[in-house]
Amino acid sequence: MFTDEYFMKLALQEAVAALEKDEVPVGCIIVSNNRVIARSHNLTETLNDVTAHAEIQSITSAAGYLGGKYLIDCTLYVTLEPCVMCCGALNWAQISRVVIGARDEKRGFINKNLSLHPKTEVVTGILENESSQLLLDFFKSKR
């Protein structure tokens with residue numbers, strides 16, 4: 001059965017791929033009609049590009065797959081709450097759902113009192129512990 005947990009596990013696989021590249025371990029997938037149409041992870045170090053967040057990479061890929069800029073009837077699964085930049089991109093893309101693993105109290109869009117498109121549903125806390133642990137372990141190894 002396709003559940004939010006099922007798809008978040010796929011996003012976590014992307015986060016592990018980021019970790020293996022010494023990137024901040026954030027993974028993201030976009031799903032349409034229970035089918036993964038885009039997947040990515042942070043590539044800011046690899047591409048030397050501050051905009052190469054997992055969400056941005058996935059939005060671009062999904063738009064290419066769908067042949068249009070709007071991601072209506074799509075769900076984005078991301079292991080860490082999107083930042084302000086990614087929130088703006090998701091707003092413009094008019095994505096229908098955003099499912100978040102771990103919250104980002106410091107840089108996430110929710111505490112900044114920003115919102116996504118008015119029709120976008122936001123779900124938080126899906127596989128939160130697994131998502132958080134990857135990030136905690138990564139930053140602990142950097143200190």
Side-chain angles (χ1 to χ4, degrees), residues 1-47 49-66 69-143:
M1 185 69 185
F2 297 115
T3 63
D4 285 342
E5 289 79 10
Y6 171 84
F7 288 119
M8 188 61 77
K9 285 179 184 176
L10 298 178
L12 277 164
Q13 290 174 3
E14 288 296 319
V16 169
L19 182 65
E20 291 169 353
K21 295 176 181 174
D22 204 31
E23 296 274 1
V24 175
V26 176
C28 179
I29 66 166
I30 297 180
V31 175
S32 177
N33 296 316
N34 287 324
R35 181 175 183 191
V36 177
I37 63 168
R39 62 177 61 232
S40 191
H41 48 271
N42 273 2
L43 292 169
T44 58
E45 299 299 325
T46 302
L47 299 177
D49 179 356
V50 297
T51 68
H53 290 195
E55 300 94 324
I56 300 296
Q57 301 297 310
S58 291
I59 290 167
T60 300
S61 181
Y65 176 86
L66 294 172
K69 61 186 176 182
Y70 298 118
L71 303 181
I72 298 166
D73 297 327
C74 293
T75 300
L76 177 134
Y77 292 86
V78 64
T79 59
L80 180 64
E81 177 184 341
C83 70
V84 172
M85 174 184 69
C86 294
C87 172
L90 289 165
N91 187 344
W92 284 108
Q94 299 182 23
I95 196 151
S96 295
R97 281 182 85 225
V98 173
V99 180
I100 299 166
R103 291 282 312 279
D104 186 346
E105 301 295 331
K106 190 181 284 185
R107 294 187 177 204
F109 77 93
I110 295 172
N111 282 353
K112 304 286 187 213
N113 293 320
L114 298 174
S115 59
L116 299 172
H117 190 271
K119 293 182 180 178
T120 301
E121 174 190 358
V122 176
V123 177
T124 60
I126 303 299
L127 300 184
E128 180 176 9
N129 292 337
E130 295 88 332
S131 298
S132 294
Q133 196 60 55
L134 265 178
L135 290 156
L136 289 170
D137 291 347
F138 174 78
F139 286 111
K140 188 184 240 183
S141 75
K142 296 294 179 189
R143 293 187 184 114

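Here Thr75 contributes atom OG1 and Phe2 contributes atom CZ; the two are 13.0 Å apart, rounded to the nearest 0.5 Å. With rounding to the nearest 0.5 angstrom, the CG atom of Asp49 is 9.0 Å from the CG atom of Leu43. How far NZ of Lys9 is from CD of Glu5: 8.0 Å, rounded to the nearest 0.5 Å. Within the model, atoms CG of Leu76 and CD1 of Ile95 stand 4.5 Å from one another, a figure rounded to the nearest 0.5 Å. Within the model, atoms SG of Cys28 and CD1 of Ile30 stand 5.5 Å from one another, a figure rounded to the nearest 0.5 Å. In this structure, Asp73 CG and Ser96 OG are separated by 5.0 Å, a value rounded to the nearest 0.5 Å.
By the 4.5 Å heavy-atom criterion applied to side chains, Thr60 and Ser40 are not counted as neighbours. For the pair Leu134 and Val16, the minimum side-chain heavy-atom distance is below 4.5 Å. The shortest distance between side-chain heavy atoms of His53 and Val26 does not fall below 4.5 Å.
Counted within 6.0 Å of CG on Asn33, heavy atoms from surrounding residues, nucleotides or ligands total 12 or fewer; the atom is thus considered open. Heavy atoms of other residues, nucleotides or ligands lying less than 6.0 angstrom from NZ of Lys69 number 12 at most.
Across all their heavy atoms, Ala18 and Val24 have their closest contact at CB-O, 3.7 Å. Taking both residues in full, the closest heavy atoms of Ile37 and Tyr65 are given as CG2-CE2, 3.4 Å, listed atom of the first, atom of the second, then distance. The shortest heavy-atom contact between Val31 and Ile29 is CG2-CD1, 3.8 Å. Residue Gly101 comes nearest to Ser131 through the heavy atom pair CA-OG, 3.8 Å, listed as atom of the first residue, atom of the second, then distance. Across every non-hydrogen atom of Leu47 and Ala52, the tightest pair is CD1-CB, 4.0 Å. Minimum heavy-atom separation, Gln57 to Thr51: NE2-O, 4.4 Å.
Judged purely by atom type and a 3.5 angstrom limit, Ser141 uses its side chain to pair as donor or acceptor with the backbone of Phe138. Here the side chain of Ser132 pairs a donor or acceptor atom with the backbone of Glu128 at under 3.5 angstrom. No donor-acceptor pair under 3.5 Å is formed between the side chain of Asn42 and the backbone N or O of Pro25.
The salt bridge (charged side-chain N to carboxylate O under 4.0 Å, His left out) pairs that include a residue from residues 10-25 are Glu14-Arg39, Asp22-Lys142, where partners are two or more places apart or lie in different chains. Listed by first and then second residue, the side chain to side chain donor-acceptor pair (under 3.5 Å) pairs that reach into residues 115-127 are Arg97-Glu121, sequence neighbours excluded.
Under 3.5 Å, the side chains of Asn129 and Gln133 contain no donor-acceptor pair of N or O atoms.
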Taking only distance into account, with no hydrogens and no angle test, what donor-acceptor pairs under 3.5 Å do side-chain atoms of residues 78-88 form with protein atoms, sequence neighbours excluded?
{"from": "Thr79", "atom 1": "OG1", "to": "Gly27", "atom 2": "N", "distance (Å)": "3.0"}
{"from": "Glu81", "atom 1": "OE1", "to": "Arg103", "atom 2": "NE", "distance (Å)": "2.7"}
{"from": "Glu81", "atom 1": "OE1", "to": "Asp104", "atom 2": "N", "distance (Å)": "3.0"}
{"from": "Glu81", "atom 1": "OE2", "to": "Phe109", "atom 2": "N", "distance (Å)": "3.0"}
{"from": "Glu81", "atom 1": "OE2", "to": "Ile110", "atom 2": "N", "distance (Å)": "2.8"}

